[in-house]
Visitor: 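Got a structure here, written out as structure tokens. Questions coming.
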Amino acid sequence: VQLQAYGGGLVQPGGSLRLSCVASRSIFSFSVMGWYRQAPGKPRELVATITTGGSTNYGDSVKGRFAISRGNAKNTVYLQMNSLKPEDTAVYYCLAVYGTTYWGQGTQVTVSS
């Protein structure tokens, strides 16, 4: 299983970005897909997850601002990030659970004016 994350970059506070995670197989073969993030000097933390059944879970710091969804293509999961704050700056990692947990390579998101 390979996961490729796209869409990171530099954005001003209050702006939006959409991250994409492309899996090497159908996302419906995974029990869970989602995103974690890690800022310098901090532990990796939950951003959002989505199950095969469509149930979602969000970290407290992103609730109401971020949304995870599945694309029409059966191997892509998206993370729509709105109202971005400087504290959202981190490397964002895509993950998928298929017996074990697989991680993508990460994409940098920087929120700064």
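Atoms considered below: every heavy atom in the structure, side chains included; atoms not considered: hydrogens, waters and symmetry mates. Keep in mind the model is a prediction, meaning the values are calculated, not measured.
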Visitor: Considering only NZ, NE, NH1 and NH2 on the basic side and carboxylate oxygens on the acidic side, decide whether Asp60 and Lys63 come within less than 4.0 Å.
Guide: yes
Visitor: Just how far is it from atom CG of Leu3 to atom OG1 of Thr76, taken to the nearest 0.5 Å?
Guide: 11.0 Å
Visitor: Check this for me: Tyr58, atom OH, are more than 12 non-hydrogen atoms of other residues, nucleotides or ligands nearer than 6.0 Å?
Guide: yes
Visitor: Walk me through it: do Cys21 and Met33 pass the test side-chain contact (heavy atoms from CB on, under 4.5 Å)?
Guide: CA-CA 9 Å; Cys21 176; Met33 289 194 73; 4.0 Å; yes
Visitor: Tell me whether Tyr6 is reachable from Tyr102 by hopping between hydrophobic residues (I, L, V, M, F, W, Y) whose side-chain heavy atoms are closer than 4.5 Å.
Guide: no
Visitor: Please say which of Trp103, Tyr92, Tyr93 ends up in a ring-ring contact (aromatic ring centres under 6.0 Å, His included) with Tyr36.
Guide: Trp103
Visitor: Would Leu79 and Val77 count as a side-chain contact (heavy atoms from CB on, under 4.5 Å) if you check the C-alpha gap in whole Å, the side-chain angles of each, and the deciding distance to 0.1 Å?
Guide: CA-CA 7 Å; Leu79 182 69; Val77 171; over 6 Å; no
Visitor: Between Leu17 and Trp35, is there shared hydrophobic-cluster membership here, with clusters defined by ILVMFWY side-chain heavy atoms closer than 4.5 Å?
Guide: yes
Visitor: What are the two closest non-hydrogen atoms of Ser61 and Arg37, and how far apart are they?
Guide: OG-NH2, 3.1 Å
Visitor: Would you give the length of the straight line joining atom CD of Gln4 to atom OG1 of Thr107, rounded to the nearest 0.5 angstrom?
Guide: 9.0 Å
Visitor: Please assess Asn57 against Val32 for the test side-chain contact (heavy atoms from CB on, under 4.5 Å), listing each intermediate value before the final yes or no.
Guide: CA-CA 10 Å; Asn57 186 41; Val32 179; over 6 Å; no
Visitor: If you take all heavy atoms of Ala23 and Phe30, which pair is closest and at what distance?
Guide: CB-CE1, 3.7 Å
Visitor: Looking only at heavy atoms, which two atoms of Pro13 and Ser113 are closest? And how far apart?
Guide: CD-N, 3.7 Å
Visitor: Identify the two heavy atoms, one from Arg70 and one from Thr51, that lie closest to each other, and give their separation to 0.1 Å.
Guide: NH1-O, 2.8 Å
Visitor: If you round to the nearest 0.5 Å, how far is CG of Leu84 from OG of Ser112?
Guide: 12.0 Å
Visitor: I need the Leu10 CG to Gln108 CD distance, nearest 0.5 Å.
Guide: 9.5 Å
Visitor: Hey, could you give me the CD1/OG distance between Ile50 and Ser55, rounded to the nearest 0.5 Å?
Guide: 8.5 Å
Visitor: Consider only side-chain heavy atoms of I, L, V, M, F, W and Y, link residues closer than 4.5 Å, and tell whether Val22 and Val97 are in one cluster.
Guide: no
Visitor: Of all the heavy-atom pairs spanning Val109 and Gly8, show the shortest one and how long it is.
Guide: CG2-CA, 4.1 Å
Visitor: Find the distance between CD1 (Ile68) and CD (Gln80) and round it off to the nearest 0.5 Å.
Guide: 12.0 Å
Visitor: Walk me through it: do Val11 and Met81 pass the test side-chain contact (heavy atoms from CB on, under 4.5 Å)?
Guide: CA-CA 11 Å; Val11 63; Met81 305 186 294; over 6 Å; no
